[in-house]
Number of protein chains: 2
Amino acid sequence: MAIDAASNLDAAPNLHTTAAERLRRDGQRYTSNRRVLVELLEDADRPLTIPELLERQAGIPQSSAYRNLSVLERAGVVERVMATDEFARFELAEDLTGHHHHLICSGCGSVSDFVVAPAVERRLDEAVEAIAGETGFRIEGHRFDLIGYCRDCVAAGR
Amino acid sequence: MAIDAASNLDAAPNLHTTAAERLRRDGQRYTSNRRVLVELLEDADRPLTIPELLERQAGIPQSSAYRNLSVLERAGVVERVMATDEFARFELAEDLTGHHHHLICSGCGSVSDFVVAPAVERRLDEAVEAIAGETGFRIEGHRFDLIGYCRDCVAAGR
DNA sequence: ATGAGTGCAAAGGCTTTGCATTAGG
DNA sequence: CCTAATGCAAAGCCTTTGCACTCAT
């Protein structure tokens, strides 16, 4: 559902303001197309592919979607998620929605979100700490995804 | 370096036998092209893209590389790794080489391998256990990758 | 006015596929 | 022999780009 000026106040008070601000910092504008993309991602509970975004809002030309998502990614508003298939998926940046992880289906390639209990997340952070020192990498984040088969694929016998 | 009949005995006694067996189980043959691909992946210490594989062994046509890697993947001999760029990367299946993780460079997209201490790995397994019950997924594995910047990209100021 | 954004169309680039030929069992 | 595998070429498909037009500032 779209967020108008009224519902904007209770539903997501800062999201659009933050997005506009981050874009402006990059010398970019928060246009209506970009707002629509952000709203579509806000309403989704999982990363969406560009074909999925386009079919939800036929108004946006393909090239604008690709270009705007790149701009939004560079500005730190959205993040690109690669799973196991050829599709790039997009979701709002973690600092806007909270840290989470992905369930990646080996059967159909679908991606869904999940969060883990704080205690478990703390374990993961400890693991990252333990690894950080041993590598030449400047570590900026981690990705802890579970691979398996989603309900539909299990039902379909794979 | 290629593995001939002699060195095969000490270097990797079971790899090719195992590969042949898994392919046969799928009604597939372990041909010379497929053997070359497996050897290239065996000698690499990180997942390789198809362009990388082709430039290391000019003899294999592009289409055969794609087709054979798909066959090898279906047979469970190799695994496909998606990072942050558009390239699919391939590595030997984990049960052939041991469980490991990936360092993914946000700067250049390169992927390298690393292993974590058993104690840390145990922490990760505990986390997987904790999550498994809460999801509709049939979990088959996990992926714990670190995102950051590799030595080269850090040196290049990104 | 002035540059960013837009949208259509065309091109890029990784990947897949059709088809005739070759080779493995 | 007979089917799988091969290899060349062409097509597919996601993605990017060129260019002229529009819009916001």
Side-chain angles (χ1 to χ4, degrees), chain A residues 16 19-38 40 47-75 77-90 108-111, chain B residues 5 16-17 19-38 40 47-75 77-90 108-111:
Chain A
H16 295 293
E21 186 182 316
R22 292 185 186 182
L23 284 169
R24 190 163 40 247
R25 201 202 317 141
D26 256 36
Q28 305 284 343
R29 300 170 188 163
Y30 195 41
T31 63
S32 65
N33 273 346
R34 293 172 185 177
R35 187 186 181 94
V36 167
L37 290 170
V38 167
L40 288 175
L48 298 179
T49 66
I50 288 178
E52 284 173 340
L53 286 166
L54 293 180
E55 75 192 15
R56 289 177 188 215
Q57 186 81 13
I60 300 183
Q62 191 188 44
S63 62
S64 294
Y66 278 98
R67 254 191 293 239
N68 285 326
L69 286 168
S70 290
V71 170
L72 289 167
E73 184 188 16
R74 216 167 13 250
V77 177
V78 309
E79 284 166 10
R80 183 186 302 252
V81 177
M82 297 300 276
T84 54
D85 56 20
E86 79 244 66
F87 296 87
R89 288 175 169 77
F90 293 88
C108 65
S110 69
V111 179
Chain B
H16 295 294
T17 307
E21 185 182 317
R22 291 186 185 180
L23 285 170
R24 191 163 38 246
R25 202 204 315 141
D26 257 35
Q28 305 285 342
R29 300 170 187 165
Y30 194 41
T31 64
S32 64
N33 272 346
R34 293 174 185 174
R35 187 186 180 95
V36 167
L37 290 170
V38 167
L40 288 174
L48 298 179
T49 66
I50 287 178
E52 285 173 339
L53 286 166
L54 293 179
E55 76 191 14
R56 288 176 189 216
Q57 185 81 13
I60 301 183
Q62 191 188 43
S63 63
S64 294
Y66 278 99
R67 253 192 293 238
N68 285 325
L69 286 168
S70 289
V71 170
L72 289 166
E73 184 188 15
R74 212 163 19 245
V77 177
V78 309
E79 283 166 11
R80 184 186 303 252
V81 178
M82 297 300 275
T84 53
D85 57 20
E86 79 243 68
F87 294 88
R89 287 176 170 77
F90 293 88
C108 64
S110 68
V111 179

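Residue numbering restarts at 1 for every chain, and letters A, B, ... go by the order of the sequence lines.
For the pair A:Ser63 and C:dC8, the criterion of a side-chain N or O lying under 4.0 Å from OP1 or OP2 is not met. Under 4.0 angstrom from either OP1 or OP2 of D:dC23 there lies no side-chain N or O belonging to A:Thr31. Taking only side-chain nitrogens and oxygens, B:Gln28 comes nearer than 4.0 Å to OP1 or OP2 of D:dA5. A:Ser64 has a side-chain polar atom (N or O) that falls below the 4.0 Å cut-off from OP1 or OP2 of C:dG7.
The rotation axes computed at either terminus of the helix from C:dA1-D:dT25 to C:dG25-D:dC1 lie 30° apart, taking five pairs at each end and rounding to 10 degrees.
Look at CG on A:Leu72: it is 10 Å from P on C:dT6, rounded to the nearest Å. Remark: P of C:dG7 and CD of A:Gln57 are 12 Å apart, rounded to the nearest angstrom. Atom CD of A:Glu55 is separated from atom P of D:dC14 by 12 Å (rounded to the nearest Å). Rounded to a whole Å, the CD atom of B:Glu52 is 18 Å from the P atom of C:dG13. In this entry the distance linking CZ of A:Arg89 with C1' of D:dT15 reads 15 Å, nearest Å. Summarising the geometry, the separation between CD1 on B:Ile50 and P on C:dT16 is reported as 7 Å, rounded to the nearest angstrom. As rounded to whole Å, 13 Å separates atom P of D:dA5 from atom CZ of B:Arg24. The distance between atom CD of B:Gln62 and atom P of D:dA9, rounded to the nearest whole Å, is 12 Å.
Under the 3.5 Å distance criterion, the side-chain polar atoms of B:Asp26 are left unmatched by any main-chain donor or acceptor of B:Gln28. Under the 3.5 Å distance criterion, the side-chain polar atoms of A:Arg24 are left unmatched by any main-chain donor or acceptor of A:Arg29. For the pair B:Glu52 (side chain) and B:Thr49 (backbone), a donor-acceptor distance under 3.5 Å is present. A donor-acceptor contact shorter than 3.5 Å is absent between the side chain of A:Arg80 and the backbone of A:Arg89.
The side chain of A:Arg29 sits closest to D:dA24 out of D:dA24, D:dT15, C:dG25. The side chain of B:Asn33 sits closest to D:dG7 out of C:dG5, D:dG7, C:dT15. With C:dT6, C:dT17, D:dC14 as the choices, the nucleotide that has an atom nearest any side-chain atom of A:Tyr66 turns out to be D:dC14.
Taking for each of B:Asn68 and A:Ser70 the nucleotide of DNA chain D with the nearest heavy atom, the 5'-most of the two is the partner of B:Asn68. Along DNA chain C, the nucleotide closest to B:Tyr30 and the one closest to B:Phe87 are compared, and the more 5′ of them pairs with B:Phe87.
When heavy atoms are screened at a 4.0 angstrom cut-off, A:Arg67 is found touching base atoms of the nucleic acid.
Interatomic distance, B:Ile50 CD1 to B:Tyr66 OH, rounded to the nearest 0.5 Å: 4.0 Å. The structure places OH of A:Tyr30 at 7.5 Å from CG of A:Leu72, a figure rounded to the nearest 0.5 Å.
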Give the intermediate values and the outcome of side chain to side chain contact (heavy atoms under 4.5 Å, CB included) for residues B:Val38 and B:Arg35. CA-CA 5 Å; B:Val38 167; B:Arg35 187 186 180 95; 5.7 Å; no
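Heavy-atom minimum distance, B:Val78 versus B:Leu69: CG2-O, 3.8 Å.
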